[in-house]
Amino acid sequence: MTLEATEIAPGVARLPLRTPTVPPATHTNSYLIGTQELVWIEPASVYPEEQARGEAWIQSHLDAGKQLKAIVLTHHHPDHVGGAEAARKRFGVEVWAHDRTAERLHGKLRIDRLLEH
């Protein structure tokens with residue numbers, strides 16, 4: 001697995017971030033979707049150095065004139081939501097998730113917008 005950011009399709013980029021996940025895995029994929037207006041799916045890591053790496057990745061897109069609209073969480077596992085609060089603070093965007101994810105994260109992370117199927 002490459003640990004660098006990779007464009008996997010037009011408007012879809014992936015960055016593996018080191019996370020406390022289930023072995024033998026060591027990383028969780030974080031995705032950036034969009035061409036001008038972007039959503040960051042799975043900010044993933046609880047580790048400050050990995051959060052900084054993810055934030056630098058996002059910042060490089062912002063420096064290119066793109067706009068981050070939101071952070072999207074697919075589910076509540078710590079290896080997928082670990083960097084969400086740091087990213088919210090860093091970029092001043094909302095966190096979006098399904099209502100079941102919001103229920104499981106209640107009291108741990110504020111969800112700003114509920115997503116439906």
Side-chain angles (χ1 to χ4, degrees):
M1 167 192 340
T2 179
L3 298 181
E4 298 303 317
T6 306
E7 184 175 18
I8 59 176
V12 180
R14 174 184 59 215
L15 177 67
L17 296 170
R18 186 173 60 84
T19 61
T21 190
V22 178
T26 58
H27 291 71
T28 299
N29 288 324
S30 186
Y31 294 90
L32 193 56
I33 308 296
T35 55
Q36 288 300 102
E37 292 185 340
L38 310 171
V39 293
W40 186 7
I41 301 174
E42 314 292 47
S45 190
V46 298
Y47 305 124
E49 65 279 6
E50 289 295 285
Q51 289 175 359
R53 203 164 73 86
E55 291 171 8
W57 179 51
I58 299 301
Q59 188 62 53
S60 71
H61 287 83
L62 300 180
D63 292 347
K66 299 176 183 180
Q67 182 182 18
L68 183 63
K69 299 297 284 184
I71 295 162
V72 176
L73 307 176
T74 64
H75 63 287
H76 68 285
H77 292 164
D79 61 322
H80 289 259
V81 304
E85 190 58 37
R88 176 206 313 270
K89 289 177 183 175
R90 169 73 169 79
F91 297 110
V93 296
E94 292 184 342
V95 174
W96 301 351
H98 187 273
D99 64 344
R100 288 186 190 157
T101 298
E103 285 174 19
R104 289 183 173 112
L105 292 172
H106 183 72
K108 299 175 189 168
L109 178 65
R110 186 182 86 240
I111 303 302
D112 301 296
R113 179 176 174 181
L114 296 178
L115 301 175
E116 297 182 20
H117 295 288

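Small disclaimer: the values here were computed from a predicted structure and weren't measured.
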Point-to-point distance, once rounded to the nearest 0.5 Å, from [atom1] of [X] to [atom2] of [Y]:
| X | Y | atom1 | atom2 | answer |
| --- | --- | --- | --- | --- |
| Lys66 | Leu32 | NZ | CG | 7.5 Å |
| Arg14 | Asn29 | CZ | CG | 5.5 Å |
| Thr19 | His77 | OG1 | NE2 | 12.0 Å |
| Gln51 | Ser30 | CD | OG | 11.0 Å |
| Arg88 | Arg90 | CZ | CZ | 15.5 Å |
| Thr101 | His106 | OG1 | NE2 | 14.5 Å |

Does the side chain of [X] reach to within under 4.5 Å of the side chain of [Y], using non-hydrogen atoms?
| X | Y | value |
| --- | --- | --- |
| Glu4 | Leu15 | no |
| Asp112 | Arg110 | yes |
| Ile33 | Trp40 | no |
| Lys69 | Leu38 | no |
| Leu109 | Leu73 | yes |

Between the side chains of Arg100 and Glu103, is the shortest nitrogen-to-carboxylate-oxygen separation below 4.0 Å, so that they form an ion pair?
no
Answer with yes or no whether the side chains of Glu42 and Thr74 bring together a donor and an acceptor at under 3.5 Å.
yes
Side-chain donor-acceptor contact under 3.5 Å, Trp57 with Gln59:
no
Between His75 and His80, what is the ring plane arrangement, given parallel below 30°, perpendicular above 60°, and tilted in between?
tilted
Backbone N/O of Pro24 and side chain of Thr26: donor-acceptor pair under 3.5 Å:
no
Which one of Ile71, Val72, Leu17 satisfies the side chain to side chain contact (heavy atoms under 4.5 Å, CB included) criterion with Pro43?
Ile71
Trace of the side-chain contact (heavy atoms from CB on, under 4.5 Å) decision for Leu114 with Trp96
CA-CA 6 Å; Leu114 296 178; Trp96 301 351; over 6 Å; no
Cation-aromatic face contact Arg18/Tyr47, 6.0 Å, 45 degrees
yes
Which atom pair, heavy atoms only, marks the closest approach of [X] to [Y]?
| X | Y | value |
| --- | --- | --- |
| Asp79 | Pro20 | CB-O, 4.0 Å |
| Thr21 | His27 | CG2-N, 4.0 Å |
| Val95 | Ala84 | CG2-O, 4.4 Å |

State yes or no: do Leu3 and Tyr31 share one hydrophobic cluster built from I, L, V, M, F, W and Y residues joined by side-chain heavy-atom distances below 4.5 Å, directly or via other members?
no
